[in-house]
Amino acid sequence: MTIRGWEADPSSPLVRRLGKSPAELGTTGGEQGCPDIWELENGDIAVVGRDLTDSYLPNLPPGLVVAPDERIVVIPRRTAAAAKADLPDA
C-alpha cells in the first residue's frame, strides 16, 4: 500500500459549482454535460472533463507522475478562467 500526503474522499459531497455552468460558457454542444468544476464539502475540487491520460502518458515532462488510480483530465481554458473568481488565493 502506498502512503500519500493526500487522499481523495469519495464521501465528500459536491456543494457548489465554481465559475459558470457549461451551458453559460457554451461548452456543451447544445446539451447539458461537461466540462465543469465543483467544490466538495471538504474543500477539495472535482473536475469534469475529457480523460486524455492515455494520450499524455507517453510524453510526460520530468517530475510529472500519474499514479495508476489517477487520470489526466482536460478542460477548456475558459472553464478554468470562469472558476478563478471562486477560488481562494491560497
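Quick caveat: nothing in here was measured; it's all calculated off a predicted structure.
The shortest distance between side-chain heavy atoms of Y56 and V66 does not fall below 4.5 Å. Using a 4.5 Å cut-off on side-chain heavy atoms (C-beta onward), W6 and D44 make contact. With contacts defined as side-chain heavy-atom distances shorter than 4.5 Å, the pair L25/T79 qualifies. Inter-residue side-chain proximity for S11 and E41 is flagged as unmet; no heavy-atom pair is nearer than 4.5 Å. Residues I37 and V48 are not in side-chain contact: their nearest non-hydrogen atoms beyond the backbone lie 4.5 Å or more apart. Contact of the L40 side chain with the L14 side chain is registered, since non-hydrogen atoms from C-beta on lie closer than 4.5 Å. With a 4.5 Å cut-off on side-chain heavy atoms, D86 and R16 count as touching. Taking the side chain as every heavy atom from C-beta outward, P35 and T27 approach each other to under 4.5 Å.
Under the 4.5 Å side-chain contact rule for hydrophobic residues, V47 and L87 share a cluster. By the rule that hydrophobic residues join a cluster once side-chain heavy atoms approach within less than 4.5 Å of another member, V65 and I72 end up as members of separate clusters. By the criterion of side-chain heavy atoms lying less than 4.5 angstrom apart, applied directly or through intervening Ile, Leu, Val, Met, Phe, Trp or Tyr residues, V74 is grouped together with L64 in one hydrophobic cluster. Residue L18 is grouped with residue V73 when hydrophobic side chains (ILVMFWY) are merged at heavy-atom distances under 4.5 angstrom, including chains of intermediate members.
Across all their heavy atoms, T28 and P22 have their closest contact at CG2-CB, 3.1 Å.
When the shell of 6.0 Å around CZ of R50 is examined, it contains 12 or fewer heavy atoms from other residues, nucleotides or ligands.
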- Working for side-chain contact (heavy atoms from CB on, under 4.5 Å), residues D54 and R71: CA-CA 9 Å; D54 292 340; R71 309 304 291 162; 4.0 Å; yes

- Test salt bridge (charged side-chain N to carboxylate O under 4.0 Å, His left out) on R4 and D69 and set out the steps. CA-CA 12 Å; R4 300 179 185 178; D69 63 342; 2.7 Å; yes

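The structure places CZ of R78 at 11.0 Å from NZ of K20, a figure rounded to the nearest 0.5 Å.
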